[in-house]
Amino acid sequence: MTQQTTLITGASSGIGAEFARALAARGSDLVLVARRADRLEKLAASLPAVRTTIVPMDLSGSDAGPRLREALGGQPVTSLINSAGFGTTGLFHELTADRLAAEIALNVAGLVSVVRTFIEPLREHGDGFLVNVASVAAYLANPRMAVYGATKAFVLSFTEALWYESRGTGLRVMVVSPGSTDTEFFDVAGDEGHTGSRMAPEQVVRETLARLDRRDPPPSMVAGRLNRMSVAATRLMSRRRVAISIGDLMTP
Ligand SMILES: NC(=O)c1ccc[n+]([C@@H]2O[C@H](COP(=O)([O-])OP(=O)(O)OC[C@H]3O[C@@H](n4cnc5c(N)ncnc54)[C@H](OP(=O)(O)O)[C@@H]3O)[C@@H](O)[C@H]2O)c1
């Protein structure tokens with residue numbers, strides 16, 4: 001990966017930070033983006049000798065991509081990982097409209113804007129990858145996380161379409177869907193009561209990179225064997241049964 005410059009959103013924490021560590025170990029230069037500059041600086045200082053640029057920035061909204069390109073001042077990007085995102089736990093009618101709008105502004109509008117801004121140079125380079133992080137939530141109804149699940153369903157569908165559109169360009173496009181993963185996600189979502197087992201972010205990244213290393217990666221993958229089995233099982237159930245099962249599971 002020594003010819004690569006990988007832009008990673010959401011690099012200050014969790015899965016994004018783990019992608020940064022793994023790709024630095026493979027020799028990729030990095031552009032790390034998130035709001036918390038101190039976290040990005042600390043991460044950059046801990047990485048092996050690759051060229052690392054940090055861009056402290058809020059990636060919400062449909063102007064996120066152009067703002068990011070301007071901040072980079074023409075620095076080329078050959079691969080892109082969109083990991084920035086957050087969810088909110090609670091019944092839809094009890095959550096504030098502002099919080100829900102912020103979730104859509106980052107998980108959907110910001111992500112589409114960043115992809116639209118960088119996809120042409122990525123296609124022209126033709127030897128990198130575009131990875132978007134969705135969630136197992138993308139495959140299911142998500143009572144108590146209704147908007148979050150819907151944003152991730154968007155990311156899944158959007159990325160699978162881009163996979164098709166990118167065939168023959170050399171750009172590898174894939175969406176990865178982790179299940180519960182041990183990051184700051186649940187603190188941000190306000191779900192301290194979540195007790196299920198969690199994957200390590202290292203495993204999510206390891207499985208994603210292993211799949212990307214294949215000559216013809218699939219449009220989408222679910223990280224974690226149990227998560228893959230759960231998603232497969234829901235395909236055999238009625239949508240009513242899935243909504244009830246997940247709703248019951250999510251109800252404290
Ligand atoms: N953890 C899970 O269980 C899980 C499961 C499935 C999918 N996912 C998805 O995985 C991705 C990574 O989440 P994570 O688990 O690693 O959680 P995390 O530790 O909370 O990381 C989220 C990242 O997004 C960044 N971010 C949040 N708001 C932002 C904004 N407005 N502008 C720019 N950056 C922003 C955060 O940085 P700053 O706060 O510094 O901006 C942080 O780097 C997310 O898309 C999440 O939906 C997580």
Side-chain angles (χ1 to χ4, degrees), residues 7-22 30-44 54-65 67-68 71 80-89 98-99 101-115 131-140 142 145 147-156 158-159 175-192 194-205 207-208 220-224 226-228 230-231 250:
L7 191 163
I8 305 174
T9 76
S12 63
S13 167
I15 296 168
E18 205 46 53
F19 269 117
R21 289 186 197 98
L30 299 172
V31 177
L32 307 178
V33 193
R35 292 168 300 177
R36 288 171 292 179
D38 54 332
R39 289 286 201 95
L40 295 176
E41 279 160 12
K42 207 168 152 195
L43 174 62
I54 65 163
V55 185
M57 180 178 283
D58 188 327
L59 290 167
S60 308
S62 54
D63 61 346
R67 285 189 285 112
L68 185 50
L80 170 62
I81 296 176
N82 283 301
S83 188
F86 75 95
T88 312
T89 305
D98 283 352
R99 173 87 180 189
E103 212 169 293
I104 296 167
L106 179 66
N107 298 5
V108 176
L111 180 138
V112 170
S113 175
V114 170
V115 172
V131 172
N132 290 329
V133 182
S135 168
V136 163
Y139 293 88
L140 315 162
N142 283 272
M145 276 198 134
V147 167
Y148 175 73
T151 67
K152 293 301 179 179
F154 179 100
V155 174
L156 176 64
F158 169 64
T159 314
V175 51
V176 56
S177 288
S180 294
T181 305
D182 195 10
T183 66
E184 295 171 18
F185 179 85
F186 295 98
D187 304 331
V188 175
D191 190 9
E192 292 84 5
H194 181 95
T195 50
S197 67
R198 298 183 189 171
M199 291 174 76
E202 290 86 345
Q203 186 185 345
V204 175
V205 169
E207 289 189 16
T208 307
S220 51
M221 63 168 282
V222 174
L226 274 179
N227 296 325
R228 283 192 286 280
S230 303
V231 167
M250 296 286 277

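Counting convention: from 1, in listed order, for ligands and their atoms alike. None of the values given here were measured: they were computed from a predicted structure. Residue numbers run from 1 in the order of the sequence given.
Between the choices F186, Y148, F86, the shortest heavy-atom distance to atom 46 (C) of ligand 1 belongs to Y148.
Using a 4.5 Å heavy-atom cutoff, the side chains of F185 and I15 are not in contact. Between V222 and V136, some side-chain heavy-atom pair lies under the 4.5 Å cut-off. Using a 4.5 Å cut-off on side-chain heavy atoms (C-beta onward), F154 and I104 make no contact.
Using a 4.0 Å cut-off between heavy atoms, M57 contacts ligand 1 through its backbone alone, with no side-chain atom that close. The part of L106 lying near ligand 1 is the side chain, judged by heavy-atom distances below 4.0 Å. Under 4.0 Å from ligand 1, not a single heavy atom of S177 appears.
The shortest N/O to N/O separation between I15 and ligand 1 falls below 3.5 Å. At under 3.5 Å, a nitrogen or oxygen of K152, whether backbone or side chain, sits near a nitrogen or oxygen of ligand 1.
In terms of protein heavy-atom proximity, atom 48 (C) of ligand 1 is nearest to F185 CD1, 4.0 Å.
The pair R198-E184 does not count as a salt bridge, with every side-chain nitrogen at least 4.0 angstrom from each carboxylate oxygen. Using a 4.0 Å cut-off between charged side-chain N and carboxylate O, R228 and E207 make a salt bridge.
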